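Read through the structure below, which is laid out as structure tokens, and then see the notes.
Remember, predicted model here, so these are calculated numbers, not experimental data. When a residue number appears, it is its place in the shown sequence, counting from 1.
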Amino acid sequence: GKLVWIRLSDAHTHLDKTQTWADAPNLDGSAEGAKDAAKSLRKTPWSLEQVYARMDFGVRSALHHGTRALRTHIDSQPGRTYPTWYAFSQLRTSYKNAIELQDVATLGASKLHGDYGDEIAKLAADHGAALGPVVYQTDTMRSDVERVFDLAERHSLSLDFHVDKTLDPNSSGLEAIAEEA
């Protein structure tokens with residue numbers, strides 16, 4: 001006469017951007033508004049204390065609501081990796097017995113060409129993270145996707161693509177990923 005429920009798993013969060021409404025509101029509630037709000041967050045560097053407090057609040061909230069595993073996409077734009085990756089590592093250690101925390105290095109796929117791509121792939125590998133590029137409908141999309149797969153193979157990384165960052169009905173990011181795979 002009793003029910004047993006498994007605990008929840010949240011496969012797509014952005015803990016580094018949680019609790020940022022006061023600094024970067026999306027007043028119209030649109031996809032474009034969210035994108036603009038996220039970009040505006042990059043204008044001012046975050047302190048370790050700020051980003052840790054936001055991420056900690058997100059993890060505590062997830063635990064309170066029964067979450068057992070949480071995957072977060074960490075903004076890995078040039079100049080944004082510290083303090084976020086350091087704060088996440090501290091959180092994962094602090095909560096290791098309570099919740100499984102997974103990390104994903106997220107940035108535009110076109111930014112993974114050249115030395116920065118190797119730097120981010122190594123950072124992800126060192127943290128046991130996945131590589132989570134955002135694929136945009138551009139003239140370089142296919143070479144961007146090819147580069148992502150190359151980095152993942154060389155650094156033994158799993159992939160967690162964002163292909164939903166457009167309202168263009170002709171976007172072929174998913175097709176490019178499938179063909180490269």
Side-chain angles (χ1 to χ4, degrees), residues 10-21 23-26 28-46 50-51 54-55 58 70-89 102-181:
D10 195 337
H12 190 126
T13 66
H14 291 262
L15 285 176
D16 57 345
K17 294 181 182 123
T18 189
Q19 307 302 306
T20 58
W21 181 268
D23 297 325
N26 175 5
D28 67 3
S30 69
E32 198 61 36
K35 191 175 174 181
D36 291 343
K39 282 183 179 179
S40 74
L41 286 172
R42 296 184 188 136
K43 292 178 183 174
T44 305
W46 295 334
Q50 286 173 316
V51 74
R54 288 199 309 262
M55 294 173 103
L70 186 146
R71 176 175 270 202
T72 186
H73 296 253
I74 299 174
D75 188 345
S76 299
Q77 304 290 331
R80 294 300 286 185
T81 57
Y82 181 85
T84 312
W85 281 89
Y86 183 74
F88 182 80
S89 292
Q102 298 177 349
D103 41 350
V104 179
T106 301
L107 70 164
S110 64
K111 295 177 182 169
L112 290 168
H113 289 281
D115 292 341
Y116 193 68
D118 287 303
E119 182 181 326
I120 289 300
K122 182 176 181 340
L123 175 73
D126 290 348
H127 284 265
L131 189 57
V134 183
V135 176
Y136 295 104
Q137 187 72 29
T138 65
D139 292 340
T140 63
M141 180 183 65
R142 298 223 178 240
S143 68
D144 296 345
V145 170
E146 185 178 312
R147 170 68 170 163
V148 167
F149 274 86
D150 175 60
L151 288 168
E153 187 175 329
R154 283 193 293 118
H155 293 274
S156 301
L157 299 170
S158 60
L159 294 171
D160 186 343
F161 284 96
H162 277 70
V163 291
D164 59 344
K165 300 295 183 189
T166 181
L167 298 176
D168 179 358
N170 298 312
S171 178
S172 59
L174 190 57
E175 180 182 315
I177 293 165
E179 287 175 1
E180 187 63 31

Considering only heavy atoms from C-beta outward, does the side chain of [X] approach that of [Y] to under 4.5 Å?
X: Leu151; Y: Leu112; value: yes
X: His127; Y: Trp85; value: yes
X: Asp144; Y: Ser110; value: yes
X: His113; Y: Ser143; value: yes
X: Asp23; Y: Trp21; value: no
X: Leu131; Y: Val104; value: no

Pairing residues for [X] by the side chain to side chain contact (heavy atoms under 4.5 Å, CB included) criterion, not counting sequence neighbours:
X: His14; result: His12, Asp16, Lys17, His73, His162
X: Asp168; result: Gln137, Thr166, Asn170, Ser171
X: Tyr116; result: Pro78, Thr81, Leu107, Glu119, Ile120

Salt bridge (Lys or Arg N to Asp or Glu O under 4.0 Å), that's the test. Do Asp103 and Arg71 meet it? Break it down for me.
CA-CA 6 Å; Asp103 41 350; Arg71 176 175 270 202; over 6 Å; no

Could you check whether Arg154 pairs with Asp150 (Lys NZ or Arg NE/NH1/NH2 to Asp/Glu carboxylate O, under 4.0 Å)?
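Yes.
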
Set out, in order, the CA-CA distance, both residues' side-chain angles and the distance that settles salt bridge (Lys or Arg N to Asp or Glu O under 4.0 Å) for Lys122 and Asp126, then state yes or no.
CA-CA 6 Å; Lys122 182 176 181 340; Asp126 290 348; 2.9 Å; yes

Pairwise distance [atom1]([X]) to [atom2]([Y]) - rounded to 0.5 angstrom:
X: Leu123; Y: Asp118; atom1: CG; atom2: CG; result: 12.5 Å
X: Ile177; Y: Glu175; atom1: CD1; atom2: CD; result: 11.0 Å
X: Glu146; Y: Thr140; atom1: CD; atom2: OG1; result: 11.5 Å

On a heavy-atom basis, which atom in [X] and which in [Y] lie closest, and how many Å separate them?
X: Val135; Y: Met141; answer: CG1-CG, 3.6 Å
X: Val51; Y: Pro83; answer: CG1-CG, 3.7 Å
X: Gly108; Y: Gln77; answer: N-NE2, 3.9 Å
X: Val145; Y: Glu180; answer: CG1-CB, 3.8 Å
X: Gly173; Y: Val163; answer: C-CG1, 4.3 Å

According to ring-ring contact (aromatic ring centres under 6.0 Å, His included), who are the partners of Phe149, at least two apart in sequence or on a separate chain?
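In terms of ring-ring contact (aromatic ring centres under 6.0 Å, His included), with neighbours along the sequence ignored, Phe149 is linked to Phe161.
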
Residue pairs, two or more places apart or on separate chains, that pass salt bridge (charged side-chain N to carboxylate O under 4.0 Å, His left out) and touch residues 129-138:
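Non-adjacent pairs meeting salt bridge (charged side-chain N to carboxylate O under 4.0 Å, His left out): zero.
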
Side chain Thr84, main chain Tyr82, donor-acceptor under 3.5 Å:
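Answer holds: no.
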
With side chain to side chain contact (heavy atoms under 4.5 Å, CB included) as the test, would you mind laying out the steps for Thr72 and Gln102 before giving the verdict?
CA-CA 6 Å; Thr72 186; Gln102 298 177 349; over 6 Å; no

Under 3.5 Å, side-chain donor or acceptor atoms of residues 32-46 against the rest of the protein: list the pairs with distances, not counting sequence neighbours.
from	atom 1	to	atom 2	distance (Å)
Ser40	OG	Ala37	O	2.7
Arg42	NE	Asp75	OD2	3.1

Crowding at CG, Asp115 (>12 non-hydrogen neighbours, <6.0 Å)
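At most 12 heavy atoms, drawn from other residues, nucleotides or ligands, come within 6.0 Å of this atom.
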
